[in-house]
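Reckoned from all heavy atoms, side chains included, excluding hydrogens, waters and symmetry mates. Just so you know, these numbers come straight off a predicted model, no measurement behind them. Sequence positions, counted from 1, serve as the residue numbers for this chain.
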Amino acid sequence: MTEPEPLNSPVLQSKALIWLLMIVTALFIVILWPYSGAVSWAVFLAIVFSSLQQRSVEVCRGRRGWAAFGTLLVIVVSVLLPTALLTAAIAQEAAAFYERVRSGDIQIGQYFQRGVEALPVWARGLLDRFGLGDLTLLQDKVVELLGRSGQTITSRVFSIGQNTLEFLVSFFVMLYLLFFLLRDGNELAALAARAMPLKQEHTARLLGQFATVVRATVKGNVVVALVQGTLGGLAFWTLGIAGPLLWGAVMAVLSLLPAVGAALVWGPVAIYLATTGSILPALGLTLWGVLVIGLVDNVLRPILVGRDTRMPDYLVLIATLGGLTVFGLNGFVIGPVIAAMFLVTWDIFAQARQEQQAVASGASEGRTPD
């Protein structure tokens, strides 16, 4: 019967340290989880603007604190403030669009009814089978649903105020953390590299791939979203479709989904225009969507995202969809990052196994008699 190891045994102390590390890390994650979005975006923005921070350090002659403050000011003025103003404009246009629907200026039911009447007989029969043949009541149902939502919102003013306060707190937490990540990012990355129980080259590869994927995903997806949303909004404005800024923003958000995003908005509109007799506008919107908006996705996204991440398009799509489902809007970055880390980790594991097999094979050959 083996005797228990003494309390001062190095093996027992090592196991205790590992368990303590796991418990403390889990508790730390629980504490940070309410602000996981703020922490994630602070890390993402610090990585994206790391090159600007390096130039700021050179301009400030090595004073990293002042350089970080200047970089943070640039981020607020050039990124966060325009985003807030654009969001306010989109919210205002969304409210105006709702008022036009509620007042009857925009007859959603009639629009759908015209499209249904232009369909072939077999298609109308299929809609009748599902109870969708008469869509004149659609607008009333939409207004009623929005009205219920409005009543629910009104009855939960305190909850909305609390959520707004939480958003503001998270926003300032992000800015506060971003300042220190910009100032001390290199030291924190070196500390993390020393703490990881991996070979130096493996650690460098993991951290480098993480930074590359974050930088490519944020910059690439944001650029593609802005370009596709702008092009889609311009097309809707040219055709006289109500709410071009609103629908352009919707296309920008949906463009986070590779290959299919913006088409989910302009595609149904083109079909509606075609079924209501507006053949030329429908053809023009289709050509614009396929050849211009689609070209942006097919050309810019692989250049800005896929080429740097070295991931196939289908994996980027699946990882983005899964990330959005699990993590919300933050998932369009977190999903591809996790997928990239998955690929790199398995590649490192396979490489380590090959090295072990090579060492074992060499040792076996060394023991073989001549």
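Contacts of Ser56 classified as side chain to side chain donor-acceptor pair (under 3.5 Å), with partners at least two apart in sequence or in another chain: Thr71. Under the side-chain contact (heavy atoms from CB on, under 4.5 Å) criterion, Arg194 pairs with Ala190, Leu191, not counting sequence neighbours. Phe349 meets the ring-ring contact (aromatic ring centres under 6.0 Å, His included) test with Trp346; sequence neighbours excluded. Remark: Phe180 pairs with Tyr176 by the ring-ring contact (aromatic ring centres under 6.0 Å, His included) rule, at least two apart or across chains. Taking the side chain to side chain donor-acceptor pair (under 3.5 Å) definition, one finds that Asp347 meets it with Arg205, sequence neighbours left out. With sequence neighbours left out, the side-chain contact (heavy atoms from CB on, under 4.5 Å) criterion links Val269 to Phe236, Ile241, Leu273, Leu285. In terms of the ring-ring contact (aromatic ring centres under 6.0 Å, His included) criterion, Phe69 has no residue partners (sequence neighbours excluded). For Thr325, there are no side-chain contact (heavy atoms from CB on, under 4.5 Å) partners two or more places apart in sequence or in a different chain.
Distance alone, capped at 3.5 Å, places no donor-acceptor pair between the Gln228 side chain and the Ala252 backbone. Counting only distance, with no hydrogens or angles, the side chain of Arg353 and the backbone of Ala350 share no donor-acceptor pair below 3.5 Å. A donor-acceptor distance shorter than 3.5 angstrom exists from the side chain of Arg64 to the backbone of Arg183, with no hydrogens or angles considered.
Listed by first then second residue, pairs satisfying side chain to side chain donor-acceptor pair (under 3.5 Å) with a partner in residues 34-48 read Trp41-Asn330, not counting sequence neighbours.
Members clustered with Ile279: none, using a 4.5 Å side-chain heavy-atom cutoff among hydrophobic residues. Its side chain within the 4.5 Å cluster rule, Met22 clusters with Ile18 among the Ile, Leu, Val, Met, Phe, Trp and Tyr residues.
By the 4.5 Å heavy-atom criterion applied to side chains, Leu206 and Phe210 are not counted as neighbours.
Taken to the nearest 0.5 Å, the CG atom of Leu45 stands 10.0 Å off from the CG atom of Leu181.
In this structure, Phe49 is not a member of the same hydrophobic cluster as Leu81, with clusters built from ILVMFWY side-chain heavy atoms closer than 4.5 Å.
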Return all side-chain donor-acceptor pairs below 3.5 angstrom for residues 286-295, not counting sequence neighbours, or 'none' if the list is empty.
from   : atom 1 : to     : atom 2 : distance (Å)
Thr286 : OG1    : Ala282 : O      : 2.8
Trp288 : NE1    : Leu231 : O      : 3.2

